[in-house]
There are 2 protein chains.
Amino acid sequence: MALTMTWTKLRHLLTLQKHTWNTIVVASRHCNNTSQPTTIQQVDEEVAKLLDLKAQLGDEPTPKTVLKTPKGTRDYSPKQMAIREGVFKVIVDCFKRHGAETIDTPVFELKETLTGKYGEDSKLIYDLQDQGGELLSLRYDLTVPFARYVAMNKIAKIKRYHIAKVYRRDNPAMTRGRYREFYQCDFDIAGQYDPMIPDAECIKIVYEILDNLKLGNFVIKVNHRLILDGLFEVCGVPKDKFRTVCSSVDKLDKTFWEDVRGEMIDDKGLDPISADKIGEYVQLNGSSELVEKLLKDEQLVQSKAAKEGLEGMKLLIQYCDIFGVKDRVRFDMSLARGLDYYTGVIYEAVLEGAELVKSNSKSKEQIGVGSVAGGGRYDGLVGMFAAKGKKVPCVGVSIGIERLFSIMEAKMERGNQEVRTVETEVLVASAQPNMLEERLRLCKELWDAGIKAEISYKANPKMLDQYQYAEKAVIPFLAVIGEQS
Amino acid sequence: MALTMTWTKLRHLLTLQKHTWNTIVVASRHCNNTSQPTTIQQVDEEVAKLLDLKAQLGDEPTPKTVLKTPKGTRDYSPKQMAIREGVFKVIVDCFKRHGAETIDTPVFELKETLTGKYGEDSKLIYDLQDQGGELLSLRYDLTVPFARYVAMNKIAKIKRYHIAKVYRRDNPAMTRGRYREFYQCDFDIAGQYDPMIPDAECIKIVYEILDNLKLGNFVIKVNHRLILDGLFEVCGVPKDKFRTVCSSVDKLDKTFWEDVRGEMIDDKGLDPISADKIGEYVQLNGSSELVEKLLKDEQLVQSKAAKEGLEGMKLLIQYCDIFGVKDRVRFDMSLARGLDYYTGVIYEAVLEGAELVKSNSKSKEQIGVGSVAGGGRYDGLVGMFAAKGKKVPCVGVSIGIERLFSIMEAKMERGNQEVRTVETEVLVASAQPNMLEERLRLCKELWDAGIKAEISYKANPKMLDQYQYAEKAVIPFLAVIGEQS
């Protein structure tokens, strides 16, 4: 009995600091090799020995076995950061060229702020654990926080950009640049203005950014929620199915029509006749000539919504022509975009990289690397937050910068391009020993004069090491200190 | 019975779309004003009327009642962003002047990555909800993610800065610039180097940043974990109480000694004699003369740790002297810093603003606005992540930028300084109607030439409105289009 208690005491002592567990296991094996203690005194002696051993080993915590970033996320190395900053600069310069200011919002919002804004995608929102206090969620995009900001501060008009990370519990496809944590670069114009003028500027901005990044050919697909609504209306879709049919149509860039049709009929209970009628329209795309054709489509223009949407589209394409971007704009009736909050024009820019493959059981077809920018008009979103439901019409675009990074990185690697990650101008070096103080002093003078300078942190570094460091970091000047002979 | 069922049907219809609740309540009051329906047909008619009314009202969602950012967080307005970017520029310029690269890490880490790194502060970590998959936490600082990054990528040396937001479920004190979401600007040097050279550069960096921001007088307090350990040793603190006593000592900047002493004895079970001995030391501060005095303190230098720490402090102050920053550096034996991972030098920079008040039941005393930078040496942290426990010594400093923002903002407001939030160079305007296309065309040409330009988004804006906008946004040029007479 007394012995049992002492073993309990030993176990207690051994588990006092859980993080030394590995150390302890070793010690206990060591203990097994000696003869089993039989008296309280022997046990106490063993305990003393073990604790002594433990003290010698130090209280090093167990090394972690899992050493990774969370699923769907990544670190950026200095080289990647240099590329990223280059891309950011092109984008921010463009936003500033168009007279935008910038704001920032918290990375999480009250959970209720995000509720009911993202349709079927709401399941992808990251929630924070309830640790007492408010229920919070990580932001899913920058648009809803922007609308909340506009409503909260009772802003009537603002043109702002916002570059920040957003979070989606999606299936990551990191080789294609699809992450769970990713940057968005948003440009939005809020305010009551005349039709399609700010909408066209958003397209001009996407054009300028993609053009300046020199990523090859791209197309900016445009459509209009009112055209889709009108289309569903004349095809006999019940009003309560508009949203869900819309999200099926949205899959047409990744799936074949026959599969989308199947989903509409089997999963969403749509009449096959309606589905086939929809099919006739959503496979159309073109430019002003398509708009003109549809404006003469007697069936379609029976819908007031469709007519209004088509008139808008006509004006938009006209402004795009003035902005010199019409050749890149494609009116695509299959473009739907999943988010609930769009009310007017919707956009999506696609690089013609032919890296994704659209497939089903029957056939395969190469398609673009996917969307690199998207957005649209959302006239009702601010009103959802405003005290008296006061609407502030908004239109904006979001640059899908992670895909752009991935493409830029691949391009850099293919081209074997060197990326400088530091800007150091002078390395203060010495070939002689005991020159530390002199090196420190010179470095201080350079820093104080605003010159980017470094020294080796060794007291007596080898000259060769200093040369090699300067070469590797591409430092253009070496200031070498030596005694006069 | 039949009637009951129809009321159920009505209620069902009314609750079908919960977000129209407010609308419905109005409608139901309206219903009460009419005569109570008595037959099924009447009920059906009422239902039809209500649904009709509902359709007229539109399916506007209920305006949110709570319109705020989460507790302890804030939005940045364009003006605040302009100030923030100015502060960031000073800091980044300094980091680059010292030859640092930059990295980025995800906003959340695996929960286990953060476990056991923050001592008593661990309770302030935000956890994400378990939604299947990995258990995640928001980063608490940038140091632990940096150590994880260094270990994961098997980096032997790196000098990097990282500017990003971190998260602490602390009691916010937003007027003093203490938030739950806040930026940290970290500069760290990892690698096996000679003593105190990188440590002194960190102090030089803090000095340069605070000096360049022109925020008034400041002092950089320094201490050494080995000095504290040695001090606790010679004062008879049991080894397993070093950490907890350390965190009591750390409160001395906000609390009086008598309260800290009480906590040590009553809460942490320290012998009053030990506590009093500690009290004699931790109230000392000075510079090299204090180091010299303590090196002659026979009791203290009995501890190997204390002696080693004091020798280090002597060297550090010597290098600070060469860097011309010695006059701002104060060796303060009460500086302890709460985090578990420090192993050597610790720093904390304090502005001498006299805005906080340190108080207890007996007396009040004005103290500084609190820490605006802090850091230290953490030689063991990378080893906690490395596969074979391989150590990479590190030292670094973190700039508490939110407090700097708050101070800068207050300063701007006091000085009534105008902050420009856009960079627009030209406003393309017109005094005549029907000039929209001409304005769009000129704007396009300016943008394509890299000139920052804006137009009014009205088709026929008033000249006065355009003038006023240009004046408000401080746009230097107006390009006015008109027909030749």
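Proteins get letters first, then strands, A, B, ... in listed order; numbering begins at 1 in each.
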Is any NZ, NE, NH1 or NH2 atom of the basic residue among [X] and [Y] found under 4.0 Å from an Asp or Glu carboxylate oxygen of the other?
X: Lys452(B); Y: Asp93(A); value: no
X: Asp321(B); Y: Lys444(A); value: no
X: Glu423(A); Y: Arg97(B); value: no
X: Asp448(B); Y: Lys204(A); value: yes
X: Lys96(A); Y: Glu425(B); value: no

Which atoms of Leu442(B) come close to chain A, meaning under 4.5 Å heavy atom to heavy atom: side chain ones, backbone ones, both, or neither?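 Neither part.
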Is it the side chain or the backbone of Ala100(B) that comes within 4.5 Å of chain A heavy atoms, both, or neither? backbone
Looking at [options], which makes the most heavy-atom pairs under 4.5 Å with chain B?
options: Val422(A), Thr73(A), Thr102(A); answer: Thr102(A)
options: Tyr149(A), Trp447(A), Tyr76(A); answer: Trp447(A)
options: Ile197(A), Ile475(A), Ile451(A), Leu446(A); answer: Ile197(A)

Check for a donor-acceptor pair, side chain of [X] on one end and backbone N or O of [Y] on the other, with a separation under 3.5 Å.
X: Gln129(B); Y: Tyr126(A); value: no
X: Glu101(B); Y: Ala82(A); value: no
X: Arg160(A); Y: Ser77(B); value: no
X: Asp194(B); Y: Ala459(A); value: yes

Which residues satisfy the side-chain contact (heavy atoms from CB on, under 4.5 Å) test with Arg148(A), sequence neighbours excluded?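 So Arg148(A) forms a side-chain contact (heavy atoms from CB on, under 4.5 Å) with Thr105(A), Pro106(A), Glu109(A), Thr113(A), Met152(A), Phe385(A), Leu67(B), Thr69(B), Asp75(B).
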Looking at [options], which has the largest count of heavy-atom pairs under 4.5 Å with chain A?
options: Lys71(B), Glu201(B), Gln80(B), Arg441(B); value: Glu201(B)
options: Leu436(B), Asn153(B), Asp130(B), Leu138(B); value: Leu436(B)
options: Glu208(B), Lys68(B), Lys165(B); value: Lys68(B)
options: His98(B), Gln192(B), Arg74(B); value: His98(B)

Leu440(A) portion near chain B, given a 4.5 angstrom heavy-atom threshold: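 It is both, since atoms from each part get that close.
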Would you call the rings of Phe108(A) and Tyr167(B) parallel, tilted or perpendicular, where under 30° means parallel and over 60° means perpendicular?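 Ring orientation, 0 to 90° scale: tilted.
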Of all the heavy-atom pairs spanning Val107(B) and Glu181(A), show the shortest one and how long it is.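 So the minimum-distance heavy-atom pair works out to N-OE2, 2.8 Å.
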Taking every heavy atom of Gly99(A) against every heavy atom of Thr424(B), the minimum-distance pair comes out as CA-OG1, 3.2 Å
Is atom NZ of Lys472(B) surrounded by more than 12 heavy atoms (other residues, nucleotides or ligands) closer than 6.0 Å? no
Residues Lys157(A) and Tyr469(B): side-chain donor-acceptor under 3.5 angstrom: no
Testing the 3.5 Å rule here: is there a donor-acceptor pair between the side chains of Tyr319(B) and Glu437(A)? no
Within this structure, what is the CD1-SG distance for the pair Ile322(B) and Cys443(A), rounded to the nearest 0.5 Å? 11.5 Å
